Amino acid sequence: MDTVSNYTETLEKTVRDLPERQEDLIRTAFTDQLTGLGNRGGFTRSLEELWEQDAPVTMAFIDIDNLKHCNDVFGHDEGNRYILQVSLYLKLYMKVGEAAFRIGGDEFAILSTIATEDDLAERLKHCRTVLLKNNDSEMPHSFSYGVSHADPALGEASNRMTLDADHRMYDYKLRHAMHLDRRNITQVHADDFEISDRIFDAFSMLNEGRYFFIENLDKHRTLWSQGALRDLGLPSEHIDNCRDYWKTRVHPDDLEACINDIDQVYNGTKHRRVMQYRVRNANDDYVLCRARGFRIDGDGNVPSLYVGELVNHSLAETVDAATGLGTQRMLVNAIDACRRDRCETGLIAVRVRGTAKLNELYGAEAVDNMLAEYAGRMLSITHGRSRVYRSRSVQFVVLSNDLDHEAFEQLTCHLKEAVFAPVRIAGDTITPVCLVVPAFYEHLTHQTTAVLGELERRLRTAGELVPNDSLPIPEAERKSAIDERIDLLTGLYRPSEFMRRANAFLKTRRDGAWCIATVDMGHMRLFNEWHGQAEGDRVLADVGTVLKDIENADMGVAGYWGQDDFCVLIPFKHTTVHQIYNRVREAVARHDDGVGFWPSMGVYPIDSNEEITIDAQAKAMFTNRREKTTLRSALPFSAPRSTSAKSCSTAR
C-alpha cells in the first residue's frame, strides 16, 4: 500500500512540475549557453512576436572585431572570454524592456521597443569606447554595430529592417574597426591571397549582391567578401576545400557543368570563366548567380590565384536594356542606402501615359526608342548629380541625395519642362501625357516599400486630376486605338477582340489551310523571381512584338491570353510554324537562354469556313500543355476529329 502511495505522490508531483519543466525546456532551447543571452532561435521568435503586436521596433546588429584572429593566435578559450566580455558590456548599457541575443559565433543583436535609432546607437558607441579603454588583453577588444528601425503598422518588413542594420554594421566595420597588422602574425592564412585585409574589405562593400572572392588554387582555399556570408550563408570568409563545399550549395541540375568549369580553371586549361548557375542562399532558397573570374598563374614562389566576383541576380543591380538606366532593383538598393545614411533624399516619379495606343500604332520598338529619348532628357537635366531609374515599363524615378530642398524643387521644374516637350516617334511628333510627382525627405526613415508605395499613391492621385490621354493622331486611328481591347504590355488583342478579328480575317482568306497556335512561355513565375518582374515584362513585350510583326505582315492575327499565354492565327504550314517558334525562342533567349525557360507552342488546324471560338484555342493550348507534361516536343501538332490528319510532333 505504501508503494502505491509513493507512486501516486511521485506522479502527482511530476504532473505539478510539468509546466515548470516545459518552461525550462523552452528557455534552454532559446538560450545561448556561453553568454546566457537569447540565441538565434530566440531572436527569430521575439521578432515575430513583436511584428504580430504591430509594435515599432529598433534593432542593432553587433559584430565582434577580430574574433577569428583571437582564436587563431590566443586560442578558443581566450576567444570565449572575449565573447563573454562583450555580452556583459552590452547588458550593462541596455535598458529595462530591451533584449539581447547572440545569433552567431561573433554576432549579437538587440531588440528594443522603447529606443530610437539615435538613442541606441549612442549607447553602443559609449559601450564600445569603454570596452576599448578598460581592456587589458594582448589585443584590443572592440565591436562594430549598425542600428535600424521599422514600424510593422506601416507595412514595413522585418527582413528589411534586419538587412538595414546588417549593412550599417558592415559599413561601420569597414570605417571604424580595429584593423590589426597581420603581416607580423604567424597564422594559417597570412600570405595566401597577397592582398591587404582593408583593401579586400573595401572592394567587398562596393556593390549590393556582388561578392568579391580570391581563391588560392594551390591550397584550395578561398577568401570571400562579407556580403557572401550574409546573403549566401557561407560559414566563414575563409573556405577550405572550396570545390567540395560548393557541391553542397549548387543546384543538382547545374552541378556537373559547374564542376567541369571549375576543374578547367584548376588545371589551367581555362583562364577566363563566365557562367551562371543556381545556388542556395542563407534562407536555403535557390537564387540565380553569375560567376566571372580570371586565373593568374603562379610559379614556385607565388601561388596561382583565381580572382573574380559572384553576382546574385536576386539582389544585384541591373540595367534596363532599352534606356540604359538602372532598374527597380537598383532603385530599391539606392533608397536603402539613403535610409541607412539618414541623408536628405528627393524622389521624382515620372509616368508616361498612352503607351498602349502607341504600341498599337507604332510597335514596341518605336515606343522603346521614345522612352530612351525621355531617359536622355532626364539625364541631361540632372547633370550627374542625381540618378535616374526605369522603375517600371513606362515609369521613371529620379533620386537625389546631393540637393537641398530649394535645388530639388528647381530640378523638378526643369524635369517637367523636359518631359512635357513634344517627342518624335517613328517620324511623327507627339506629346504624350506625363505625370510628374516629387517627394522630398529631410531624413529618410521609412523603409523602401513604404517610400515607393507613397510615390504610387501620389501618382494615382495626380492621374485622377488629369484628363484621359490625348495623342495628336488622326481621329479615325485614335478612335480605333481607344475602342479596341489591347493589352497594355504586349500591344496584342485580348481574347474576345482576338476572336472577333480572327474571324473577320478568315472571311477574306477562305483559301488555304489555317491553324490556331498557342505559345506558352513556361516557368515565367520562376523567371520573375530570378530576374525581377521588370525583366519578365520585357520578355513578354518582346514576344508580343514578334507576334505583332506577323499581323503587320498581313499573315494572321495575334492575341494575348494573360500571364504567359499567347495565341495566333497563322497559315498551317510546318515551315511557317517553325519560323515563328524560332523567332519567339530567339526573343526569349536574349533575356535568358536557360533550358527551363524555353517557350513551347501548341498547334491546332481549323477549317477556314467555320467560326473560330474559344474551343479551338483551348484545344491548341491543351495540346501544348499535354506535350510539355510528357516532355515530348516543343512544337506539338494536333488534328481535329473532323479531319483525317494524324497527330504529330516535332522535336526541339
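Note that this is a predicted model, so its numbers are computed, not measured.
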Legend entry - Under-4.0 Å salt bridge between R590 and E586: no

Legend entry - Spacing of OG1 belonging to T490 relative to NZ belonging to K548, to within rounding of 0.5 Å: 9.0 Å

Legend entry - Ionic contact status for D32 with R40, cut-off 4.0 Å: no

Legend entry - Verdict with reasoning, I239 to L223, per side chain to side chain contact (heavy atoms under 4.5 Å, CB included): CA-CA 7 Å; I239 297 181; L223 174 63; over 6 Å; no

Legend entry - S304 OG to D218 CG distance, which is reported to the nearest 0.5 Å: 5.0 Å

Inset, instruction - Could I get the full list of side-chain contact (heavy atoms from CB on, under 4.5 Å) partners for V57, not counting sequence neighbours? - result: L50, W51, L111, M161

Inset, instruction - For residues W224 and Y211, determine if any side-chain heavy atom of one lies less than 4.5 Å from a side-chain heavy atom of the other. - result: yes

Legend entry - From T448 atom OG1 to D164 atom CG, the distance as rounded to the nearest 0.5 Å: 7.0 Å

Legend entry - Contact check, side chains of M169 and I62, non-hydrogen atoms, under 4.5 Å: no

Legend entry - Side chain to side chain, V86 and I64, heavy atoms closer than 4.5 Å: yes

Legend entry - Donor on one side chain, acceptor on other, S148 and R339, under 3.5 Å: yes

Contacts under 3.5 angstrom, residues 283-293 side chains, donor-acceptor by atom type, not counting sequence neighbours:
{"from": "D284", "atom 1": "OD1", "to": "R280", "atom 2": "NH1", "distance (Å)": "2.6"}
{"from": "R292", "atom 1": "NH2", "to": "E309", "atom 2": "OE2", "distance (Å)": "2.7"}

Inset, instruction - Locate the shortest heavy-atom distance separating V543 from V588; write the atom from each residue and the value. - result: CG2-CG2, 4.0 Å

Legend entry - Working for side chain to side chain contact (heavy atoms under 4.5 Å, CB included), residues T31 and N39: CA-CA 5 Å; T31 301; N39 58 17; 5.6 Å; no

Legend entry - Any E256 side-chain heavy atom under 4.5 Å of N260 side chain: yes

Inset, instruction - Indicate the atoms forming the closest heavy-atom contact of F566 with L540, along with that distance. - result: CZ-O, 3.7 Å

Legend entry - V332 and L452, any side-chain heavy atoms less than 4.5 Å apart: yes

Legend entry - Side-chain heavy atoms of F108 within contact of S87, under 4.5 Å: yes

Legend entry - Chi angles and distances behind the ring-ring contact (aromatic ring centres under 6.0 Å, His included) call for F498, Y560: CA-CA 8 Å; F498 165 77; Y560 178 56; over 10 Å; no

Inset, instruction - Grab the two heavy atoms, one from V584 and one from P599, that are nearest each other, plus how far apart they are. - result: CG1-CG, 3.9 Å

Legend entry - Partner set under side-chain contact (heavy atoms from CB on, under 4.5 Å) for T545, not counting sequence neighbours: A364, D549

Inset, instruction - Under the side-chain contact (heavy atoms from CB on, under 4.5 Å) rule, collect the residues that match up with E456, sequence neighbours excluded. - result: R351, R392, Q395, L459, R460

Legend entry - F101 vs E107 side-chain heavy atoms within contact, under 4.5 Å: no

Inset, instruction - Quick one: do L305 and L217 satisfy side chain to side chain contact (heavy atoms under 4.5 Å, CB included)? Show the steps, please. - result: CA-CA 6 Å; L305 300 177; L217 299 176; over 6 Å; no

Inset, instruction - Taking only Lys NZ, Arg NE, NH1 and NH2, and the carboxylate oxygens of Asp or Glu, determine whether R538 and D368 approach each other closer than 4.0 Å. - result: yes

Inset, instruction - Could you tell me which residues satisfy side chain to side chain donor-acceptor pair (under 3.5 Å) with T269, sequence neighbours excluded, listed by chain and number? - result: N267

Legend entry - L255: partners by side-chain contact (heavy atoms from CB on, under 4.5 Å), with sequence neighbours left out: K247, V250, I259

Legend entry - Check: F43 main-chain N/O paired with S46 side-chain donor or acceptor under 3.5 Å: no

Legend entry - Ionic contact status for D166 with R168, cut-off 4.0 Å: no

Legend entry - Interatomic distance, D106 atom CG to C70 atom SG [nearest 0.5 angstrom]: 11.5 Å

Inset, instruction - Please report the shortest heavy-atom distance between V603 and C515, naming the atom on each side. - result: CG1-SG, 3.7 Å

Inset, instruction - Taking all heavy atoms of C338 and all of L399, pick out the closest pair and write down the distance. - result: SG-CD2, 3.9 Å

Inset, instruction - Classify the angle between the aromatic ring planes of H271 and F294 as parallel (below 30°), tilted (30 to 60°) or perpendicular (above 60°). - result: tilted

Legend entry - Verdict with reasoning, Y266 to H220, per side chain to side chain contact (heavy atoms under 4.5 Å, CB included): CA-CA 9 Å; Y266 263 87; H220 302 265; 3.3 Å; yes

Inset, instruction - Please report the closest heavy-atom contact between G268 and R295, naming both atoms and the distance. - result: N-NH1, 3.7 Å

Inset, instruction - To the nearest 0.5 angstrom, please state how far the CZ atom of R249 sits from the CG atom of L232. - result: 7.0 Å

Legend entry - Point-to-point distance, once rounded to the nearest 0.5 Å, from CG of D520 to SG of C567: 12.0 Å

Inset, instruction - State, yes or no, whether a side-chain contact exists between T44 and L47 at a heavy-atom distance under 4.5 Å. - result: no

